[in-house]
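Got a structure here, written out as structure tokens. Questions coming.
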Amino acid sequence: MTKAILIASAAAAALVAAAPALAQTEEPASLAELVVTAQKREERLQDVPVAVSVVSGDVIEQSGATNLEGAQYLVPTLNFRKSGTTINQSLFLRGVGTSTFSIAGEPSISTVVDGVVYSRAGEAFSDLIDIDRLEVLRGPQGTLFGKNTSAGVINIVTKRPGDDFGGYVEAGYFSNGDEYRLRAAVDVPFSDAVKGRFTAFWGEYDGNIKNVFYGTRVNGYEHWGVRGIVVADLTPDLSLTVIADYRKSDDDCCAELIGTMPTNLAAGALPTPRGDKTREVNQNLITATTEKSGGISLQADWDVADHVLTYIGSYREYDNTEVRDGDWLPRPYVGLTQLHDVGPQTSYTMTHEVRITSPGDQTLDYVVGAFYSRADTDRTFTRSDIVCSLTPAPTTLTLCTAPGVVVTQPTGTAKFGSVFENFAVFGQGTFDLSERLRLIAGLRYTMDELRVYHQRTTPLAGPGISGSFGPFVASTDNDNISGRLGVQFDIVPESTAYATYSRGYKGPAFNVFYNLSATGTNVIEAETADSYEVGLKNTLLDGTLLLNLAAYYAKYDNFQANNPDLVNGQVVTRFTNAGEISTRGVEMDVLFRPTNQLSITGGVAYTDAQIEQFKVPTNGVVTGVVPSGTPLPYAPKWKASLGGEYRIETGRGIDVLLGAQASYQTKQISQLDANAAVRAATTIDGYSIVDLSVAVVDQDDRFRVAFQVKNLFDESFAAAITSGGPGGSYRYIIPREADRYYGVTARLNF
């Protein structure tokens, strides 16, 4: 690990060392005017009193990241929980996030794409294609972005249409599973007033894990999608933007490997466990997820009396079918039940937002608006068992076809759904007390309503089937006032300090999933957060260096979290109000462009996120209570990233690009559990990844051919470790980044 960090540091130092010769002859581009929309208006990053990490689309492309899972290696405060199927994956910021199988629970981190909120967590993990920038807003953002932003916001801005006809075509190949990628975009100026940009992508990957049952690879995918953006300036004062997209995904992700030895007969049916170095499964059902999603949005911006009146309306559909092998074995055996799940889900979301934004650089700058959303989700989930028994019980692994074996096939089907409705009014203003001192105040009033239903039918009960239940119908509503207070002071023109208090909010929930029982029908109360943050934003070296610092403390009440539980012999996770948690830490972001040929990005974060007081269940049973002081999952104490790119101008028509990217993090808990031994067994060891690249580029950027080495030192690690495998074993999910692989990408611009 230390070697990897030293190599990455040396690579970045070499890039810096190469810069001065060019810096003497060419003025570097200034970073001081870098623009973000973190406060629902275009502002310079250095003027925003919020801790924001900004990753450009070019950096995302050059890193090889295709989604937010890959972006976690570029943003130190961002972590990603990989799950058995993509619908159950989740994000964490500053150690806070929500992991749940319930369709009546929502994430703590909201994903916003071109001003549209993606209400379902799974949809947020779609492909990052043709991205202008990724803004990661840390800490509660309830004032301007509403509920379910108690830990932060991922704000994604895609590329806008250009003024001239043009575009690009890109093709790539990557090893360790034979991945192929195709991407293309074209700008079409229909007229001086109407411009469009149209994007398409396709990708196919065999996967990084071998399923010995079929002799094929798994953890792969096939994705394709299209997106179109049309911007029409109808008058000098009125602009309309229409965005439509559609994508289809077919993933055989993510196989859960048995990484430790079972204590029962299952050991004889499994590949040899090797912890996070395990790369084989033996399963007769391929865990998979198929998805279709798409939608359309309309944004209208109207200049009225020096103000901008904005409307954003959207409609989105998201369909997901989950297929899961829940026994992790190649076939049923006597005493080892086969458990297979299939769960199709459909959902749609409708949102409306209207806001008015004052002119900038006034004594009082403000944004005032209203927001409405409705999200409907319905799911049918079927669990099928094959149970084999023999008397007396065999002492060796015995097939169900052996003489005398009694075979039953219990099944259960549950139909359940949820409807979220949310209405809010909000406003935030900045008042200039002087040229250097400003006050910030914001307020949001939110009304939530949640309705759920559930019914499970079981002709024959068996392990994990849970028996019949329902019909269950329930609803809850809640209102909340969240807000922000702060002060901002220009120490000198190049350095701005700020201090803020923010109140975050996440709406109520129900634990609606297949295994719902009468003891789990209670309302999960709304989660709230009180966050205090101080920061310093520095613009140095004539605008070539941005150095931003932040320190924070936040306390969460009624924290919504998953807690492992055993239901009818099957390990499930209960979605509950876990109690009080806190997170505190310091962060640094760096953007450095000493010349137009050299750019360096990086950051480091120290996070201390822990349980303050876990709630004792209403039944008084304390065996599931997590001790105070226990670290939260997916909250490494230290995490850092460092990347750089240097362009060697040869003067002969072809330039050379050298790139390096490193990510490092210390150990982190994967499963929040009351048992210290389970927490230790599900702890992911610290690791570091170093990527290198070299590219040849036309001096006018008409084409580029790049070669990449990912995970140069071939450092193996797990993305998730959970209990509940056969015979007390532990299940591992291994990401592709845990192995060294290579790639080549060719791009033609026209």
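Starting from 1, each residue takes its place in the sequence as its number.
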Exercise. Give, for atom OH of Tyr553 and atom OH of Tyr532, the distance between the pair rounded to the nearest 0.5 Å.
Key: 8.5 Å

Practice problem: Identify the two heavy atoms, one from Asn515 and one from Gly464, that lie closest to each other, and give their separation to 0.1 Å. | Solution: OD1-O, 3.4 Å

Quiz item: Any idea which heavy atoms bring Arg679 and Gln671 closest together, and the distance?
Solution: CG-O, 4.1 Å

Quiz item: Are Lys506 and Tyr556 in a cation-pi setup, meaning NZ or CZ lies under 6.0 angstrom from the ring centre and within 45 degrees of the ring axis?
Solution: no

Quiz prompt | Derivation of the side chain to side chain donor-acceptor pair (under 3.5 Å) call for Arg484 and Thr500 | solution = CA-CA 7 Å; Arg484 169 172 292 171; Thr500 59; 5.0 Å; no

Practice problem: Mind listing the closest non-hydrogen atom pair of Phe510 and Asn522 along with its distance? | Solution: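 Reported closest heavy-atom pair: CD2-O, 3.6 Å.
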
Practice problem: Take Arg584 and Asp608, measure what salt bridge (charged side-chain N to carboxylate O under 4.0 Å, His left out) needs, and give me the verdict at the end. | Solution: CA-CA 5 Å; Arg584 57 186 63 78; Asp608 179 13; 3.5 Å; yes

Quiz item: Should the ring pair Phe416 and Phe381 be called parallel, tilted or perpendicular, given that the plane angle runs from 0 to 90° and is split at 30 and 60?
Solution: tilted

Quiz item: Are any side-chain N or O atoms of Gln72 and backbone N or O atoms of Phe80, one a donor and one an acceptor, separated by less than 3.5 Å?
Solution: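 Checking the backbone N and O of Phe80 against the side chain of Gln72, a donor-acceptor pair under 3.5 Å is found.
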
Practice problem: Sort out for me which residue in Thr576, Asn577, Asn558 forms a side chain to side chain donor-acceptor pair (under 3.5 Å) with Lys615. | Solution: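 Checked Thr576, Asn577, Asn558 against Lys615; only one passes side chain to side chain donor-acceptor pair (under 3.5 Å): Asn558.
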
Quiz item: Do the non-hydrogen side-chain atoms of Ile689 and Glu715 ever get within less than 4.5 Å of each other?
Solution: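 No, too far: nothing below the 4.5 Å cut-off.
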
Quiz item: Are Arg94 and Tyr552 in a cation-pi setup, meaning NZ or CZ lies under 6.0 angstrom from the ring centre and within 45 degrees of the ring axis?
Solution: yes

Exercise. Please determine if Glu421 and Arg451 form a salt bridge, counting it only when a charged side-chain N lies under 4.0 Å from a carboxylate O.
Key: yes

Quiz prompt | Minimal non-hydrogen separation, Thr143 against Leu443, with atom names | solution = CG2-N, 3.6 Å

Quiz prompt | Within 45° cone of Phe145 ring axis and under 6.0 Å: Lys40 NZ or CZ | solution = yes

Quiz item: According to the interplanar angle, ranging from 0 to 90°, do the rings of Tyr73 and Phe717 count as parallel (below 30°), tilted (30 to 60°) or perpendicular (above 60°)?
Solution: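 Answer is perpendicular, since the angle exceeds 60°.
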
